[in-house]
Structure formats: structure tokens, C-alpha cells
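Below, each value reflects all heavy atoms present in this structure, side chains not excepted, and no hydrogens, waters or symmetry copies. Reminder, nothing fancy here: chain letters follow the sequence lines and each chain counts from 1. Model, not experiment: these values are computed from the prediction.
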Number of protein chains: 2
Amino acid sequence: MKISKTEENYLKAIFSITEKNQPSASTNAISKKMKTSAASVTDMVKRLAKKKLVIHESHKGVHLTKAGNQIATMLVRKHRLWEVFLVEKLNFLWDEVHDIAEELEHIDSDELMIRLDDFLGNPKFDPHGDPIPDANGEFATRQQVALNELKVGEEGIVVGVRESSTPFLQYLDQLGVGLGVKVKVVEKYEYDNSIKIILNKTKEMVITGKVCQSLFLQKK
Amino acid sequence: MKISKTEENYLKAIFSITEKNQPSASTNAISKKMKTSAASVTDMVKRLAKKKLVIHESHKGVHLTKAGNQIATMLVRKHRLWEVFLVEKLNFLWDEVHDIAEELEHIDSDELMIRLDDFLGNPKFDPHGDPIPDANGEFATRQQVALNELKVGEEGIVVGVRESSTPFLQYLDQLGVGLGVKVKVVEKYEYDNSIKIILNKTKEMVITGKVCQSLFLQKK
DNA sequence: ATAAATTTTTAGATTAATCTAAAAATTTAT
DNA sequence: ATAAATTTTTAGATTAATCTAAAAATTTAT
């Protein structure tokens, strides 16, 4: 069965909406993510349902079938592997790779992905710290906490970000925060949830509660 | 101006037909290459003409404008650079890369191609020995002759093939012929244009006139 | 619990890319 | 040089993906 690039993008949108325990994705939520009209979504959802990639009850939202989920997961795998390639091999910055990977993920060749995976050393996480599902669709898990959950005196290493928008990533670059950076919590300010930290045992700074929530660390 | 993948493929088809001094590509020739009906070609050609990518006189065939030629050349550049990547970095064989490169060539990012080119060491020829146009669209040239033009006693190194079909390339693999192989002409048989050669100073064999015509060598 | 607001679907159109069949134009062969 | 063959174009349809406007269904608020 042939699946168009557009259909693939809808599957990915539904996947990302239902990822966080949401039982189903609403027409509106999908149209927002896909930047199309709600009417287009209704149409497309019907087509995907005919192909058994989603389950749709009128006015109740959609969720992926096993087959649909498999396709979406492989798109995530391809996206993240290409991002590793772009950063590790072509020296792109972590905030520059999303759009290109968005195109590369639609290249259809299992053999290519096997070889790319090997070439990259079978990475388990992408340049933003997001897990790369393996060829069977299994996501690696990792012991991690958001920075705002650390107590004063505790230390950790940055392993991921909650959000991969270009502005956020560039802001982190400005602060000197990236994956692998050591963080020690020096002080916590209840008043606005900001935190004073030391980066790599050298650089002291205060960061806002908003940023703290979006940084994942592995405790030491 | 946005150019669809389909439009790009038509431009490439017209490029490859007109490449060998043909002043224009006929509707039929394009339909054969694109595996579509002649009617579809007429339609598409009109659309490309409206975008100033081709010149079309009814019933007389089409040729690329400067802009159309530029796009086609960059597609060739991208195709061949990706082929180098697939063979050099991902260890694909030279007969396995065409279809994947056919997809990768449509990825639209100048920055990506600059970095890929650098990563690969700015190669001038692809895994089949075909020249890779530079970012300005200039093709490298090379002193080369077809094997059938060598005289008895002359030697050369295989630098290219006239045809990159999978069967031909696999046949060459079987013979032990690939880019970089040294060839010495030992004898020429007028009767059927076959030639007796020695490969890499060790392996003697007779190859047919058909194969001789399709192998390009650099004389020593 | 019903009216108002919101969400979703339906109806009807549009555009890109394709098709087949028929008509028109061009080329080839006698 | 004209008839036959071939090539190209036109006409009219089709499919995927999209849209706006209106209708229908659901949810929210009084």
C-alpha cells in the first residue's frame, strides 16, 4: 500500500497529539498542527480510516491503529536518525536540523536506514536528547528529571529538552547550556521559581522557572 | 517560485534528452522517459513554459531555458553527491544507489548540499565516473576514451561507464571491472569487435565490443 | 435544560497531475 | 505530391488534496 507524504504527515501529527496519553486527536487539534482547514482534516481522516491506519468515530476524534502507529514511529525514527547525521557528520547546530529532517524522513528505503543507523553508531538519542525508536519501534528510556525538581546541592547532566523550538535552543546556546553540560543547583528562589546554578563547575547563573521545566537532567 | 517534485522530474528528463546536442526534446521522448502519456507531457510542458523553465513551440518540441537548465543541473549535482555519500559512507554498491538518490535529489536545502559536498571532500565524479557539476553548474571534464578506441599494447585506467543500468554494473562486477581498474589491451578481434585485455596486470579475459564501447578509460 | 458557543462534517469548488479517445498537425513513403 | 503513418494536441474525466460557506452535532454556560 502506497502512503503519500501528506498522509505520512497526518499520521505523524496524530501520533504527536495522542502521544501524551491523549486517547484521541480532535479534528481541530490536527488542523492546527497541519495548518490546514478542519474540513481538509475530516476528508483526510476518512481516507486514512479506509486504509486502516486510523480509527475514526464521527465527532469523536481519531487514534492510530497498530499499522498507523508503526508508520508514525518509523517516521520519528527516520527523522531523529537524520538529525543525528546532520549534527554529528555535517556539523549543523541542534536548532538548524528540524526542517531538513522533516523532508529527509519521507525518503523510503529500509536498507538506507539500516546503513545510516550503523554509520552513525546506532545512536539511541537524537541531538535534542529525544529517544530514537529502534527498528521494531521500541523507544529507549532513561532515568531523568526536570531541572526544577532538583534540590539545592544536587547535580546532574543535561540529557534532553522538553521543547525543540529554534528560539528556545538558541537561547540555551546563548546561556551556554547544551547536552552533556554539568549543572549544580546552588539556590532556589520560591518567589518566581528561578534557580541559581553552576555550569560545568565554573559558570554561575540564574535561570527562570520556565527554562528549568524544559531541561531534563540525569542525576549524579 | 515553488517547483514540485514532478516538475523537477520533467526538467531532468528534458535535460537528459537534450544533453547530447539534441536541440529539443519531443513530447514522445519525454513521455517515454517519464512513463506517462503524451497528453500529460503536453499539459506539463505548458505549465513549465508558463513558469519560464522551458521554451515550447507547438508540435516542435521543448528545450530548457537558462533557469530550467540551472534547476536540472542542480538536480544532477544533488543526485551525484548523494550517490557518492551512499557508496563512500554507507557502503552501498554502485548498482544499488540510483533509486535512493532519485529520491534524495529532491531534498531542498542549499546549506545541506554545501555541507554534504564538504563532508565528502568535494568530489568531482560520482561512483559511476560521471562528473558532478559544481555549485555554479560547471561540469568537470576529463581526458577519456572508450575502451574500443585503445590500440593493442595500450593501457588505461577505468574512470567511467557510458551506462549505469543495474544489469550492466552487476555484469562488470562479475567480470571484476570497476572504477580504478587497470586495463591493458592484448589483442583485438576484428570479426566481432571483442578485445582481449589484462586487468590489473593479472587477470586476462576477452570482453565483447558492446562492453568495450561502454567503458571509459584514462590513457596512461 | 435549553440557548449560545464551539467543533465537526457536508456540500460544492479548485488545482495539480494524470488518463483515454478523438482531432489536428506533421512526417514519411510511395 | 498526396496518402498513410506517426506524433502532438485538445477535449473531457478522474483522483488527491485542498479550500470556504453552510449545516449538523456536541459541549459549555447560564
#### Entry: Side-chain H-bond candidate by donor/acceptor type, A/K60 with A/S24, under 3.5 Å
no
#### Entry: Counterpart residues, side chain to side chain donor-acceptor pair (under 3.5 Å), relative to A/N193 (two or more places apart)
none
### Query
Does the A/K51 side chain pair with the main chain of A/K2, one donor and one acceptor, at a distance under 3.5 Å?
yes
### Message
Could you work out, with salt bridge (Lys or Arg N to Asp or Glu O under 4.0 Å) as the rule, every residue matching A/R115, not counting sequence neighbours?
### Response
A/E111
### Task
List for me each residue that meets side chain to side chain donor-acceptor pair (under 3.5 Å) alongside B/T65, sequence neighbours excluded, and say none if there are none.
none
### Query
By a strict heavy-atom criterion of less than 4.0 Å, which residues belonging to residues 1-18 of chain B are in contact with DNA chain D?
none
#### Entry: Spacing of B/K51 atom NZ relative to C/dT15 atom C1', expressed in whole Å
12 Å
### Query
When you check every protein heavy atom under 4.0 Å of nucleotides 8-14 of chain D, what one-letter string (B, S, -) results, 5' to 3'?
SBB----
### Task
Can you tell me which residue pairs pass the ring-ring contact (aromatic ring centres under 6.0 Å, His included) test with a partner in residues 37-93 of chain A, sequence neighbours excluded?
A/H79-A/H98, A/W82-A/F85, A/F85-B/F85
### Query
According to a strict under-4.0 Å criterion, is A/S37 in side-chain N/O contact with OP1 or OP2 of D/dT18?
no
### Query
Just how far, in rounded Å, is C1' of D/dA17 from NZ of A/K35?
18 Å
### Counterpart residues, side chain to side chain donor-acceptor pair (under 3.5 Å), relative to A/Q170 (two or more places apart)
A/D95
### Summary
By side chain to side chain contact (heavy atoms under 4.5 Å, CB included), B/H106 pairs with (sequence neighbours left out) B/K5, B/E8, B/N9, B/L75
### Query
Tell me: CE of B/M44 to C1' of C/dC19, nearest whole Å?
14 Å
I'd like a table of donor-acceptor pairs (distance under 3.5 Å, sequence neighbours excluded) in which one partner is a side-chain atom from residues 127-134 of chain B, with atom names and distances.
from: B/H128; atom 1: ND1; to: B/E83; atom 2: OE1; distance (Å): 3.2
from: B/H128; atom 1: NE2; to: B/W94; atom 2: O; distance (Å): 2.7
from: B/D134; atom 1: OD1; to: B/N136; atom 2: N; distance (Å): 2.8
from: B/D134; atom 1: OD1; to: B/G137; atom 2: N; distance (Å): 3.0
from: B/D134; atom 1: OD1; to: B/E138; atom 2: N; distance (Å): 3.0

### Message
If I take atom CE in residue B/M34 and atom P in nucleotide C/dT18, what distance separates them, rounded to the nearest angstrom?
### Response
6 Å
Could you pull out every donor-acceptor pair under 3.5 Å between side chains of residues 210-219 of chain B and any protein atom, sequence neighbours left out?
none

### Query
With a 4.0 Å cut-off on heavy atoms, is B/S40 in touch with a base, just the backbone sugar-phosphate, or nothing at all?
base
### Summary
For DNA chain C, the dot-bracket notation using Watson-Crick and G-U wobble pairs below 3.5 Å, [ ] for pseudoknot-type crossings and | for other-strand pairs, is ||||||||||||||||||||||||||||||
### Task
Tell me, please, which residues at least two apart from B/T18 pass side chain to side chain donor-acceptor pair (under 3.5 Å).
none
### Task
Determine: side-chain N/O of A/R47 to OP1/OP2 of D/dA16, distance under 4.0 Å, yes or no.
no
